Q: 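What follows is a structure written as structure tokens; I'll ask about it next.
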Amino acid sequence: MVTQHVLPELRPMWWEHGMRARVDAGLRGVFAQLPRLVAEALRIGWRADRARTLVVAFATVCSGAMATFGLLATQRVLIQLFSAGPTPDRVRAALPALVLLALATATRGALGTVTGYALNGLTPQVNREVERRLFEMTSAVRLEAFDEDSFADDMERASRGTESAIVLVQEVFNLLAGVVGLLAVAVAVVVIHPLLLAALLVATVPNAYAALRAGHEKFRTFLAGSARRRRLWVLQRLMAERISAPELRSYGLRDFVLGLYDQVMGAQTTIEMRLARRVTATTAVGAVIGGVALSGVYVLLGALLVEGQIPLAAAATCVVAVQAAQRSLSVVTYQVDRVFANGQHFNEYVGFLRKSASHLPAEAAGALEPSRLQEISVSGVSLRYPDRDSPAVDNVSLTIRAGETVALVGENGSGKSTLAAMIAGLRAPTSGTIRWNGRPLDDWDAGALRRRVSVALQEHHRWPFTAATNIALGDLTGDPHRPRIETAAAMAAAHDMIQDLPHGYDTLLDRTFADGQDLSGGQWQRITAARAFYRDADLLIMDEPSSALDPRAEDTLFQAIRGRQGRRTTILITHRLANVIHADRIFVLHDGVLVEQGRHEELMTAGGRYAQLFTLQAAGYLA
Ligand SMILES: Nc1ncnc2c1ncn2[C@@H]1O[C@H](COP(=O)(O)OP(=O)(O)OP(=O)(O)O)[C@@H](O)[C@H]1O
């Protein structure tokens with residue numbers, strides 16, 4: 001079997017975008033973008049905590065100034081020590097410069113501590129500010145945003161981009177520290193002897209260029225390995241996770257998956273090894289050029305010394321300066337790469353926020369407080385999902401009056417859930433209008449309207465909270481009320497089951513946490529129904545509430561639903577047609593179109609699609 005067919009090309013991971021941008025931009029592109037990224041990092045820091053950002057910036061620059069002082073003081077010390085005269089006198093003469101050197105060194109150390117302290121305080125604030133803005137956006141966008149193929153990917157990358165924000169800030173300050181350090185050395189060297197600046201450049205620039213090129217090759221290597229890492233990630237999930245473990249064993253898939261591993265990894269490892277050799281070659285060439293250049297500088301210094309152009313002290317200081325410059329330069333080259341790559345991740349975050357703004361609900365045209373439900377009317381409503389040729393719901397019109405229990409039935413994919421989601425206000429129709437008490441849904445205050453509707457979705461979520469909280473989530477307008485929670489649970493046949501859990505209603509329903517428990521599919525479905533009952537809503541929408549329930553639980557649930565009839569309004573979606581016999585009206589959908597409607601007896605007499613489905617199902621029970 002060809003691996004490509006089993007493990008086709010996977011989507012790039014979030015971090016690969018930054019890497020790819022780095023490789024594509026090349027060295028010149030990286031430098032062109034640096035000023036914008038530096039400005040962006042400073043802006044984030046400034047927004048999160050002005051005082052700390054100022055402290056870090058000030059300490060970084062001062063620390064550079066101290067480096068200049070330090071080098072100049074070093075030279076003064078050397079001049080005094082190399083001057084003529086008895087040794088004790090020379091040491092005494094060097095003392096003031098030595099004190100200055102010690103002071104500059106100590107101040108630099110102190111400034112480093114101040115910078116670290118301020119940055120540590122800045123980190124949680126930047127993280128919080130950036131993350132909160134993301135969550136404010138992801139929890140506000142319309143549901144339709146999630147239908148877009150790229151949305152989930154963009155969000156994944158954006159959420160990783162939040163982690164890059166503080167890294168970007170820190171690295172920009174590191175970069176600034178490196179640049180200030182370099183300038184400090186340059187200033188000190190010029191003050192000592194202008195010619196030494198040329199020597200300094202010769203000794204450091206070739207090495208720096210080689211380091212940047214090697215960095216470029218390393219990025220390419222990393223990128224080449226990304227396909228391997230993505231596949232490894234998939235294979236790891238298949239071979240090492242709980243969810244796939246039972247099937248892996250029951251079908252004896254171990255050798256098959258290990259075979260896939262060998263194929264994928266064999267090819268990838270060869271590519272990576274080839275690139276690794278190139279990185280080593282570039283680094284080695286860089287090191288040789290750097291070494292030769294440095295020897296040249298030392299030869300130049302020797303010549304200047306011999307000809308008496310510079311004093312011995314200046315030559316010695318220059319050696320110290322070259323070493324300091326090399327240290328700063330390696331910081332700068334490393335940070336340039338890091339700032340660029342993290343800047344790209346952060347760009348993903350900024351871009352996501354910008355793009356998502358187009359998915360935010362329109363500012364409420366009307367903010368009317370909705371009145372108690374009297375009637376819902378659906379007029380000529382259609383919805384077409386993106387990338388779908390035919391509409392999921394096609395020109396449907398119907399009316400539901402307060403107190404009615406109506407059922408939406410039809411085969412898989414006929415549009416029942418989509419129609420219910422539009423009635424619940426979770427999705428906007430592509431065309432047509434849904435009215436609540438005669439006014440379009442958009443006229444009402446969206447939050448207030450939602451509070452009057454309770455929805456048990458087919459694809460319900462398993463919230464990682466206790467059983468009690470899972471039910472109380474149905475209505476967070478007041479404090480959770482235990483007797484009310486238990487009543488809702490009893491209506492959904494969940495009460496006894498919850499009491500049997502190790503900590504009853506206080507059992508945590510998530511195995512990721514210590515002491516957490518998992519429930520069966522049917523047990524979760526009971527909790528979901530209980531949550532919907534807990535919200536005492538005008539309109540209850542239940543989408544396939546009993547697909548995983550045992551007959552006894554199903555009976556309890558439908559009794560509770562029938563108990564609402566005449567008092568509250570219920571929309572029921574189910575394939576178990578025995579449960580819709582008592583509905584006030586049954587709407588039959590087929591390929592998104594409303595093809596029949598009426599009471600059970602009327603539809604049976606009509607002998608249409610509903611009658612066929614019902615008879616088919618009933619025959620199964622009688623056989
Ligand atoms: N988010 C989505 N994006 C694209 N197409 C979708 C989406 N949700 C549903 N569809 C498609 O819309 C059509 C109607 O789906 P819907 O879930 O409303 O049907 P249903 O009648 O509730 O089906 P079932 O009985 O299986 O629950 C189907 O063809 C389905 O594939």
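Counting starts at 1 for both ligands and their atoms, following the listed order. Below, all heavy atoms of this structure are taken into account, side chains as well, without hydrogens, waters or symmetry copies. Because the structure is predicted, anything quoted here is derived from the model rather than measured.
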Q: Ignoring hydrogens and angles, state whether a donor on the side chain of H460 or D543 is under 3.5 Å from an acceptor on the partner side chain.
A: no
Q: With sequence neighbours left out, which residue pairs that include part of residues 131-154 fulfil the ring-ring contact (aromatic ring centres under 6.0 Å, His included) condition?
A: F146-F151, F151-F352, F151-H359
Q: Enumerate the side chain to side chain donor-acceptor pair (under 3.5 Å) contacts for residues 473-485, please, sequence neighbours excluded, ordered by first and then second residue.
A: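 Residue pairs with at least one partner in residues 473-485: D475-T477, D475-R484, R482-D506.
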Q: As a test of reading the model: which residues have a non-hydrogen atom less than 4.0 Å away from ligand 1?
A: D147, Y385, R388, A392, E411, N412, G413, S414, G415, K416, S417, T418, R427, Q458, H575
Q: On a heavy-atom basis, which atom in R452 and which in R372 lie closest, and how many Å separate them?
A: NH1-CA, 3.5 Å
Q: Rounded at 0.5 Å granularity, tell me how far OG1 in T138 sits from CG in D154.
A: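 With rounding to 0.5 Å, OG1 (T138) is 13.0 Å from CG (D154).
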Q: Enumerate the residue pairs fulfilling side chain to side chain donor-acceptor pair (under 3.5 Å) with a member in residues 392-408, sequence neighbours excluded, ordered by first and then second residue.
A: E404-R585
